[in-house]
Amino acid sequence: MDVKRARSPRAPGVDADDDKKRAAEWRGAVRPHMVLVGFLITLPVLVFVFGGRWGSFQTTSAPNVGGRHVVPGGVTATQKTEAPKNVSVPATASKSLPKLQDKLLGGLLSAAFEESSCQSRYKSSLYRKKSPFPLSPYLVRKLRKYEAYHKKCGPGTKRYRKAIEQLKAGRNADNAECKYVVWFPCNGLGNRMLTIASTFLYALLSNRVLLMHVAAEQEGLFCEPFPGSSWVLPGDFPHNNPQGLHIGAPESYVNMLKNNVVRNDDPGSVPASSLPPYVYLHVEQFRLKLSDNIFCDEDQLILNKFNWMILKSDSYFAPALFMTPMYEKELENMFPQKESVFHHLGRYLFHPTNKVWGIVSRYYEAYLARVDEKIGFQIRIFPEKPIKFENMYDQLTRCIREQRLLPELGTAEPANTTAEAGKVKAVLIASLYSGYYEKIRGMYYENPTKTGEIVAVYQPSHEEQQQYTSNEHNQKALAEIYLLSYCDKIAMSAWSTFGYVAYSFAGVKPWILLRPDWDKERSEVACIRSTSVEPCLHSPPILSCRAKREVDVATVKPYVRHCEDVGFGLKLFDS
């Protein structure tokens, strides 16, 4: 039997032509009530898709940082990660990433990069609070001018090839269009980042192009910071021999002075063409003193005549540049707030490559993104002053109690009637050893807090020993520096350049865990708050220049103080 489609009867007075006309109108028109119904149906889907932050809490396996899977609460595991229960999401957390803040950091960063080539350049600041230091427009102009200069004179250009030819020929030309400072590495990653920033500041002041010797252990850590060019020293550089760079090298400026190769008593009378083809600056601390005859005007006038300068350092020597009279005015224009030097230059120069940034972002989104407060503890034990674990742990917990960095432990479950009840504090521990993590996590795992707050403890890795020459180790170290820099509060070991970099990035004044006196095993004072977010120059040079006598610069310059952790060290600060 044939089955026929049933047709609805036409209304009286409506013929077939009218029916076709109405059907066409139905197909071509959008009825308002249908739009409303459709919108209400799709609204939950839209909220689900677009309402969360990018890269939200992972539901796949937990990130493996340092070869260790960690789930909320710090439990080692291989199962899938789930969001911790009873974790409150701050009202600002879900709003911080979509609005993207100011990805150029007020003009600090150039917009001339392809974002996908280095995701951290424009995304890393989204995990931090807004900088407490306004950016100087003069510094912005200075950076854009430098970028153009670097592009004009950098590797691969005709001017660079001409400068290399003159260097190989043993000539130092008069009135050279391009001048260079070549940085060579020394010691660990924290030291290197501090000295690169100092060398870049020196390049800005002396109108030089900064080039870096990138050792194997440093490859793949940082993106290029200057658009349209590279800061990597080409492999065919004729003096690419780090072993020849030491305090006794005949090419060092100090030894040139001693051997009468150059003179600084009348800089204006010395033509550039009469100088050797390059000069070596040894700015490595030696017996806790940097080399003399570098930060004086008469010496800088001679040094500025060299077209090629090779520099090796393990120190944050930027404060010494502020004490060089000829640079004071320029530095005042660039940094009206003295303690913002590394904060700005570090965030301008250092951007983890996509590989390292993947470690950072996955870990942050999995464990730190949705907490109410982040507290970072960085513990470093130095071989020249070893401290027993029990003593260091006792000092850390004393600092925590005295400064109220974490909630007090209770004896019974609270009634959840306090304003803090249910809030989550995340503790991030950066240390080569796992003991601090295990002890602090155990405290808050086994005991409630008096306020009802939840404390979650995390440690990305524990390598047991520092490995300067390991690329994998340095990748993890850089990732943890960045994770530590996203904390709201930081307590760190004295003398640690790793900690200096992290808190300066963050713009946070840390609590410094002081070293015991050399003849003692424990420090009487657990920790002290830093007066500045600037790193410490451990080994200041003699700065009286021609007088050659010791001068306590901290008593002369209003923006210089002795470091809290290194009594003879110097740091910049704003009164």
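Annotation: the span from Lys305 atom NZ to Asn175 atom CG amounts to 9.0 Å, rounded to 0.5 Å. Considering CZ of Arg380 and CZ of Phe498, their distance stands at 10.0 Å, rounded to 0.5 Å. The distance from the CG atom of Leu204 to the OG1 atom of Thr199 is 11.0 Å, given to the nearest 0.5 Å. Between Cys186 atom SG and Glu284 atom CD the span is 3.5 Å, to the nearest 0.5 Å. Taking SG of Cys178 as the reference point, atom OH of Tyr149 lies at 5.0 Å (rounded to 0.5 Å). In this structure, CZ on Arg128 lies 10.0 Å from CG on Leu126, to the nearest 0.5 angstrom.
Between His473 and Leu432, the closest side-chain pair of non-hydrogen atoms falls below 4.5 Å. Side-chain contact check for Leu135 versus Leu105: every heavy-atom pair is 4.5 Å or farther apart. At least one side-chain heavy atom of Pro277 sits less than 4.5 Å from a side-chain heavy atom of Leu167. Between Asn304 and Met326, some side-chain heavy-atom pair lies under the 4.5 Å cut-off. You'll find the side chain of Leu281 reaches within 4.5 Å of the side chain of Leu303, heavy atoms only. Contact annotation: the side chain of Phe222 approaches that of Leu478 to within less than 4.5 Å [non-hydrogen atoms, C-beta and beyond]. Between Leu194 and Phe317 the shortest side-chain heavy-atom distance does not fall below 4.5 Å. With contacts defined as side-chain heavy-atom distances shorter than 4.5 Å, the pair His239/Trp308 does not qualify.
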Between Glu384 and Arg515, is a salt bridge (charged side-chain N to carboxylate O under 4.0 Å, His left out) present by the stated rule, with each step listed?
CA-CA 11 Å; Glu384 69 272 15; Arg515 272 187 181 183; 3.1 Å; yes
Report the C-alpha separation of Lys476 and Glu472 in whole Å, then their side-chain angles, then the decisive distance to 0.1 Å, and conclude whether the salt bridge (charged side-chain N to carboxylate O under 4.0 Å, His left out) test is met.
CA-CA 6 Å; Lys476 296 173 187 175; Glu472 183 182 2; 3.5 Å; yes
What do the steps show when you test Lys129 against Asp488 for salt bridge (charged side-chain N to carboxylate O under 4.0 Å, His left out), and what is the final call?
CA-CA 8 Å; Lys129 293 181 179 178; Asp488 304 298; 3.5 Å; yes
Take Tyr316 and Glu534 through the side chain to side chain donor-acceptor pair (under 3.5 Å) test and state the conclusion after the steps.
CA-CA 10 Å; Tyr316 181 63; Glu534 268 288 286; 2.6 Å; yes
Could you walk me through whether Gln459 and Ser431 pass side chain to side chain donor-acceptor pair (under 3.5 Å), step by step?
CA-CA 8 Å; Gln459 181 176 12; Ser431 174; 4.8 Å; no
Can you check salt bridge (charged side-chain N to carboxylate O under 4.0 Å, His left out) on Glu564 and Lys509, steps first, answer last?
CA-CA 12 Å; Glu564 294 82 5; Lys509 295 178 181 179; over 6 Å; no
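Aromatic ring centres of Tyr486 and Tyr364 lie closer together than 6.0 Å. In this structure, Tyr437 has its ring center at least 6.0 angstrom away from the ring center of Tyr458. Between Tyr180 and Tyr160, the ring center distance clears the sub-6.0 Å criterion. Side-chain rings of Tyr348 and Phe200 approach one another, their centers coming within less than 6.0 Å. Checked against the 6.0 Å centroid threshold, Trp231 and His150 do not count as a close aromatic pair.
Under a 4.0 Å N-O distance rule, the pair Lys557/Glu328 qualifies as a salt bridge. The pair Glu147-Arg144 counts as a salt bridge, with a side-chain nitrogen and a carboxylate oxygen less than 4.0 angstrom apart. We find that Lys142 and Glu330 are joined by a salt bridge, their nearest charged nitrogen and carboxylate oxygen being less than 4.0 Å apart.
In this structure, a donor-acceptor pair under 3.5 Å is present between the side chains of Glu365 and Tyr127. Counted by atom type alone, Ser124 and Trp357 present zero donor-acceptor pairs between their side chains at under 3.5 Å. Under the 3.5 Å distance criterion, with hydrogens and angles disregarded, no donor-acceptor pair is assigned to the side chains of Ser206 and Gln300.
Judged by distance alone, with hydrogens and angles left aside, the side-chain atoms of His562 form a donor-acceptor pair with the main-chain N or O of Gly567 at under 3.5 Å. In this structure a side-chain-to-backbone donor-acceptor pair under 3.5 Å is missing from Gln166 to Arg171. Listed for the Ser117 side chain is a donor-acceptor partner under 3.5 Å among the backbone atoms of Glu114. The backbone N or O of Ser496 lies less than 3.5 Å from no partner atom in the side chain of Ser493, so there is not a single donor-acceptor pair. A donor-acceptor distance shorter than 3.5 angstrom exists from the side chain of Asp314 to the backbone of Gln285, with no hydrogens or angles considered. Looking only at distances, a side-chain donor or acceptor of Asn474 sits under 3.5 Å from a matching main-chain atom of Glu217. Under a 3.5 Å cut-off, the side chain of Asn354 and the backbone N or O of Gln119 do form a donor-acceptor pair.
Note that Arg121 lies in the cation-pi zone of Phe113, set by a 6.0 Å cut-off to the ring centre and a 45° limit from the axis.
Below 30°, between 30° and 60°, or above 60°: for Phe322 and Phe335 the angle between ring planes is between 30° and 60°, a tilted geometry.
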